[in-house]
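Take a look at the structure below.
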Amino acid sequence: MQEKETKKFDKQNFFELVYQVVRLIPKGRVTSYGLIGQYLGSKKSARMVGWAMNNAHGLADVPAHRVVNSVGLLTGKAFFETPTQMQELLESEGIIIKKDQIQDFDKVCWNPIELNEELV
DNA sequence: GCCTTGACGGGTG
DNA sequence: ACACCCGCCAAGG
């Protein structure tokens, strides 16, 4: 009867959680690995988020192009089919990018934690 | 089974 | 202001 209540996110769910969050990113908005890590409970696990994205690489449901590092740099552009794919997609959504660097990053930065608090 | 790497972040020098 | 180092957690070799 007692369903195992996971007080902590299972590593398997961890990837799924990341996919969910990335999937929830509104168009024209971006987020950082660190923010996702914070949302999952560990702000220092940004690397795991990146790892999760690597698994997400190939999932069309996960707009990885909307995920950048804390400085708004397209660090993961090299993982796309083309090194410009990420920039093109972001620019197509209204985001301005210069030299793999998102302009007005503070404006397009989307924090999943705020969304959570909003729902609360 | 241990060590290294990895789409990061923050702190110290 | 820039560069280097450590820390986090998981997976691949």
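Just so it is clear: chains get the letters A, B, ... in the order the sequence lines come, proteins before strands, and each one is counted from 1.
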Whole-Å distance separating the [atom1] atom of [X] from the [atom2] atom of [N]:
| X | N | atom1 | atom2 | value |
| --- | --- | --- | --- | --- |
| A/Phe14 | C/dA11 | CZ | P | 10 Å |
| A/Asn54 | B/dT5 | CG | P | 16 Å |
| A/Tyr39 | C/dC8 | OH | C1' | 20 Å |
| A/Leu35 | B/dG9 | CG | P | 8 Å |
| A/Leu73 | B/dC8 | CG | P | 9 Å |
| A/Asn111 | B/dG9 | CG | P | 13 Å |

Please lay out, stage by stage, how A/Lys27 and A/Arg66 fare under the test side-chain contact (heavy atoms from CB on, under 4.5 Å).
-> CA-CA 8 Å; A/Lys27 186 179 173 190; A/Arg66 291 182 186 153; 3.9 Å; yes
Keeping the roles fixed (side chain from A/Asn55, backbone from A/Trp51), state whether a donor-acceptor pair exists under 3.5 Å.
-> yes
Donor-acceptor contact below 3.5 Å, side chain A/Gln103 vs main chain A/Gln101 = yes
Residue-phosphate contact under 4.0 Å: A/Ser45 side-chain N/O, C/dA10 OP1/OP2 = no
A/Ser70 vs B/dC8: side-chain N/O to OP1/OP2 distance below 4.0 Å | no
Gap in Å between the two P atoms, one belonging to C/dC5 and one to B/dT4, rounded | 16 Å
Given the P atoms of C/dA1 and B/dC8, what is the spacing between them in whole Å?
-> 24 Å
Side chain A/Arg47 and base C/dC9 donor-acceptor under 3.5 Å = no
Nearest-neighbour nucleotide for the [X] side chain, [options] considered:
| X | options | result |
| --- | --- | --- |
| A/Lys44 | C/dC8, B/dA7, B/dG6 | C/dC8 |
| A/Tyr33 | B/dG9, B/dA7, C/dA11 | B/dA7 |
| A/Phe15 | B/dG9, C/dA10, B/dA7 | C/dA10 |

Is A/Asn69 touching bases, backbone alone, or none of the nucleic acid, heavy atoms closer than 4.0 Å?
-> sugar-phosphate
Classify the nucleic acid contact of A/Ala52 as base, sugar-phosphate or nothing, counting any heavy atom under 4.0 Å across all strands shown.
-> nothing
Any A/Ile102 side-chain heavy atom under 4.5 Å of A/Leu74 side chain = yes
